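Please read all numbers here as calculations on a predicted model, not as lab measurements.
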Amino acid sequence: MTIREFLSDRLGGLVFRTVLTLAAAFFLRLTGTEAGIILLLLLAMGICAAGMQGYDFIRQRARLEELEAIMEGLDKKYLFAECIPKARGIYERRLTELSARAGRAMIGEVSDVRAAQREYREYVESWVHEIKVPITAAGLICRKAAPDIRERLSQELAQIEAHVERALFYARLESPEKDFLAARVDLEELVAQALNVHRVLLLRSGMRVETENLSQTVYTDRKWVSFMLGQLLQNAVRYRDGEPVLTISASTLGKKVRLTVHDNGIGIPSHELPRVFDRGFTGSNGRTRGGATGMGLYLCRRLADCLEINLQITSEEGKGTTAVLIFPAGSGYGEVKNSNLTKM
């Protein structure tokens, strides 16, 4: 709190007191009191008033600094009303009581919302696991169908499974630490796994896949990165053009490893690039091609942040898109920081 703020807050009272003092001085003068005596009285009253205002300013500023220090020291700011020291005066005590009541009501509401979200998340996870059973059964049944029908059904089932997988990862964003397992992972094996999962989609789209220098080792969560690669593969297929080619390569950056996924598709307009990681953003290409949810790259960015992977997307319209994943260095990465997990 500054002196200007303090005085502006008390401006009305100061003006009122000044007017009363001048009126009293005028009355004394009319009654014959000497001007010197009146001036001495005004000077004494002014000094006393300034001293009192100065004392109040120092006291209030110290109190605010004390409260601000308490607020800054709290991890959960909403508990501030429960942690402040004993109130000074009736007015402050009443304000503190009202703030505490409001805080307790807010905490109750937040607890109810979190409980509802947790129940919903648990339901979604349970539903995802249950829905995989009929999807698998449908895949087995379609093997007995005619070749052309089997191929079409397999592709549709793969799309359904991809959407279900996205729903599962989205449901787990609030507590990713429950499913996190960092380990030494062979990059070539990881890419091969992702390609195999999306093999039907790649074959039907006519996508030619080229791999280069994937004999690298990274420390990460295999399932999470496989999911991220799957989203990039699906985007490459959805936004392909002409004779589609997908190039997956790796290189070293000091102790870090860079994985590059490049396609020669239709690309992304430059003005839309800053928004590709926004939740629900499909862009003009997504509206034109259809089938886009705007959740794939959003989930990739959230998971990448948790894994301390630097995820970057560059693109040139009409020439293709490049996704770069830079993995952190060192085996010590196996212990993921709790701060990264709680960010999600």
Side-chain angles (χ1 to χ4, degrees), residues 1-118 173-174 271 273-275 277-281 301-302 305 337-344:
M1 181 175 62
T2 63
I3 295 179
R4 173 179 291 184
E5 291 173 338
F6 176 79
L7 293 177
S8 64
D9 184 56
R10 301 193 171 199
L11 182 60
L14 291 174
V15 171
F16 181 71
R17 292 189 185 92
T18 301
V19 172
L20 286 180
T21 302
L22 293 177
F26 181 71
F27 176 76
L28 291 175
R29 184 57 182 161
L30 290 178
T31 57
T33 305
E34 294 183 3
I37 295 176
I38 295 175
L39 289 176
L40 287 175
L41 288 173
L42 290 176
L43 180 61
M45 293 176 65
I47 293 174
C48 290
M52 292 177 60
Q53 296 299 325
Y55 171 76
D56 285 345
F57 169 72
I58 294 174
R59 185 173 59 87
Q60 289 190 14
R61 186 172 65 176
R63 179 65 169 175
L64 287 176
E65 290 176 352
E66 179 186 14
L67 296 177
E68 288 175 358
I70 293 174
M71 172 66 81
E72 291 299 322
L74 290 175
D75 292 331
K76 298 180 179 180
K77 308 297 184 185
Y78 57 84
L79 295 177
F80 172 73
E82 304 293 336
C83 300
I84 59 177
K86 185 178 180 180
R88 299 174 181 174
I90 296 177
Y91 181 73
E92 184 178 336
R93 185 166 63 251
R94 293 296 174 85
L95 285 180
T96 302
E97 291 173 355
L98 291 174
S99 298
R101 287 169 56 188
R104 286 192 292 270
M106 184 270 294
I107 293 173
E109 291 290 336
V110 171
S111 299
D112 292 341
V113 171
R114 287 182 175 177
Q117 288 180 338
R118 183 170 58 254
L173 282 181
E174 294 300 324
H271 66 278
L273 268 177
R275 300 182 60 192
F277 293 116
D278 292 352
R279 184 176 64 175
F281 180 73
R301 167 52 62 85
R302 294 287 300 274
D305 289 344
K337 297 179 181 178
N338 290 329
S339 58
N340 289 338
L341 294 172
T342 55
K343 286 178 183 178
M344 305 184 66

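- For Leu41, the side chain to side chain contact (heavy atoms under 4.5 Å, CB included) criterion is met by Leu28, Ile37, not counting sequence neighbours.
- Taking the side chain to side chain contact (heavy atoms under 4.5 Å, CB included) definition, one finds that Val15 meets it with Leu11, Val19, sequence neighbours left out.
- Residues passing the side chain to side chain contact (heavy atoms under 4.5 Å, CB included) test with Thr18 are Leu22, sequence neighbours excluded.
- Checked against side chain to side chain donor-acceptor pair (under 3.5 Å), Glu65 has no partners two or more places apart in sequence or in another chain.
- Every residue two or more places apart in sequence or in another chain was checked for a side chain to side chain donor-acceptor pair (under 3.5 Å) with Arg275, and none qualifies.
- Partners of Leu42 by side chain to side chain contact (heavy atoms under 4.5 Å, CB included), not counting sequence neighbours, listed by chain and number: Thr21, Ala25, Ile38.
- Applying the side chain to side chain donor-acceptor pair (under 3.5 Å) test to pairs two or more places apart or on separate chains, none has a residue in residues 41-52.
- The salt bridge (Lys or Arg N to Asp or Glu O under 4.0 Å) check on Arg94 picks up nothing, with sequence neighbours excluded.
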